Amino acid sequence: MTKGLFITLEGPEGAGKTTIIDMLLTYYQEQEKQIIKTREPGGIPISEKIRSIILDPKHTEMDARTEALLYAAARRQHLVEKVIPALNNGSIILCDRFIDSSLAYQGYARGIDMDEIWEINQFAIGNVMPELTIYFDLDPRVGLARINNTTDREINRLDLEKIEFHELVQEGYYKVIEKFPDRIRKVDASKPLEQVFQDTIAIIDHYLK
């Protein structure tokens, strides 16, 4: 059986990843592709419980290293319980966030050090990395404005950070792209939704050929 394809979608808050993933899922299901969507932190019950702890707006006292370790723990369980079995079954996996989020958010924006975050996550993921990552690039102020104008989106602890934090996250992502230029493709998320969707399909279809 052919091994599956692990695709991750990354970007700042409000970049539209979740919406695009839903659109991609429908698009490729209509093409009768074997495809699933999932998210981090979360995707399976244990990791969803960890997610609720990490993103609870009440947990403002959470230490940055505690946050990083919780993300890594959720990631490990998600991989062994959902991602790896799906890959071995030949599925295409669309995952909302993965290790690059930890590098940008906890490593760069929290000031821990990206190399330390990388080492923590190497213990968690082993040799499992996405074949393709799509980064949705958007001005943090635009992304936060989108969130504030969306009534059906839950506001989490990261949404409540100051704009300076979100600007550091974007800088962190740029550092990650420099580190992994062969894996990460950038999409301009400021374009109309349909154009962002088509740009994303073009990238993924290249890998499916």
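This one's a predicted model, so the numbers in the text were calculated from it and none came from an experiment. Along the sequence shown, residues carry numbers from 1.
- If you run side chain to side chain contact (heavy atoms under 4.5 Å, CB included) between Leu132 and each of Ile203, Asp182, Ile184, Leu208, only Ile203 comes through.
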For Gln106 and Ile120: C-alpha separation, side-chain torsions, deciding distance, then whether side chain to side chain contact (heavy atoms under 4.5 Å, CB included) applies. CA-CA 11 Å; Gln106 285 74 51; Ile120 289 171; over 6 Å; no

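- In this structure, Leu94 and Leu25 approach most closely via the heavy-atom pair CD1-N, 4.1 Å.
- Inter-residue side-chain proximity for Asp188 and Asp199 is flagged as unmet; no heavy-atom pair is nearer than 4.5 Å.
- Salt bridge Asp22/Lys37: present, at least one basic N to carboxylate O contact under 4.0 Å.
- The two residues Ala86 and Ile36 make their nearest non-hydrogen contact at CB-CD1, 3.6 Å.
- If you take CG on Leu79 and CD1 on Ile125, they are separated by 7.0 Å, rounding to the nearest 0.5 Å.
- In terms of heavy atoms, Val176 sits closest to Met114 at CG2-CE, 3.4 Å.
- Counting only distance, with no hydrogens or angles, the side chain of Arg146 and the backbone of Gly14 share a donor-acceptor pair below 3.5 Å.
- Hydrophobic clustering, with ILVMFWY side chains joined whenever heavy atoms are under 4.5 angstrom apart, keeps Val169 apart from Phe136.
- When Lys186, Arg183, Arg185 are each tested for a side-chain hydrogen bond (donor to acceptor under 3.5 Å, both in side chains) with Thr133, only one passes: Arg183.
- Counting only residues at least two apart or in different chains, ring-ring contact (aromatic ring centres under 6.0 Å, His included) contacts with residues 45-65 are absent.
- Side chains of Tyr108 and Ile117 form no contact here, defined as non-hydrogen atoms less than 4.5 Å apart.
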Go through the steps to decide whether Gln198 and Glu194 satisfy the test side chain to side chain contact (heavy atoms under 4.5 Å, CB included), and finish with yes or no. CA-CA 6 Å; Gln198 293 299 328; Glu194 183 59 32; 2.8 Å; yes

Please assess Met23 against Thr200 for the test side chain to side chain contact (heavy atoms under 4.5 Å, CB included), listing each intermediate value before the final yes or no. CA-CA 10 Å; Met23 295 171 70; Thr200 305; over 6 Å; no

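- Legend: residues meeting side-chain hydrogen bond (donor to acceptor under 3.5 Å, both in side chains) with Lys82, ordered by chain and number and at least two apart, are Thr38.
- Between Arg141 and Glu167 there is a salt bridge, since a side-chain N of the basic residue sits under 4.0 Å from a carboxylate O of the acidic one.
- Within 6.0 Å of CD in Glu32 there are 12 or fewer heavy atoms belonging to other residues, nucleotides or ligands.
- Judged purely by atom type and a 3.5 angstrom limit, Gln34 has no side-chain atom pairing as donor or acceptor with the backbone of Ile92.
- Put simply, the side chain of Ile54 reaches to within 4.5 Å of the side chain of Pro41, judged on heavy atoms.
- A side-chain donor-acceptor contact under 3.5 Å links Glu10 and Ser101.
- Looking only at side-chain heavy atoms (C-beta outward), Leu9 and Leu24 come within less than 4.5 Å of each other.
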Checking salt bridge (Lys or Arg N to Asp or Glu O under 4.0 Å) for the pair Arg157/Glu13: CA distance, chi angles, key distance, verdict? CA-CA 11 Å; Arg157 188 169 58 87; Glu13 307 301 318; over 6 Å; no

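- A 4.5 Å side-chain heavy-atom check between Glu81 and Ser47 finds every atom pair outside the cut-off.
- Sequence neighbours left out, the pairs with a member in residues 63-102 that pass ring-ring contact (aromatic ring centres under 6.0 Å, His included) are Phe6-Phe98.
- With rounding to the nearest 0.5 Å, the separation of CD1 in Ile46 from CD1 in Ile44 is 5.5 Å.
- Considering only heavy atoms from C-beta on, His166 stays 4.5 Å or farther from Pro12 through its side chain.
- Considering all non-hydrogen atoms of both residues, Gly172 and Ala104 come closest at C-CB, 3.9 Å.
- Aromatic ring orientation, Tyr173 versus Tyr135: tilted (interplanar angle from 30° to 60°).
- The closest side-chain heavy-atom distance from Tyr28 to Asp205 is below 4.5 Å.
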Determine, stepwise, if the pair Gln31 / Tyr27 fulfils side-chain hydrogen bond (donor to acceptor under 3.5 Å, both in side chains). CA-CA 7 Å; Gln31 293 190 9; Tyr27 175 81; 2.9 Å; yes

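- The shortest side-chain heavy-atom distance between Ile201 and Ile204 does not fall under the 4.5 Å cut-off.
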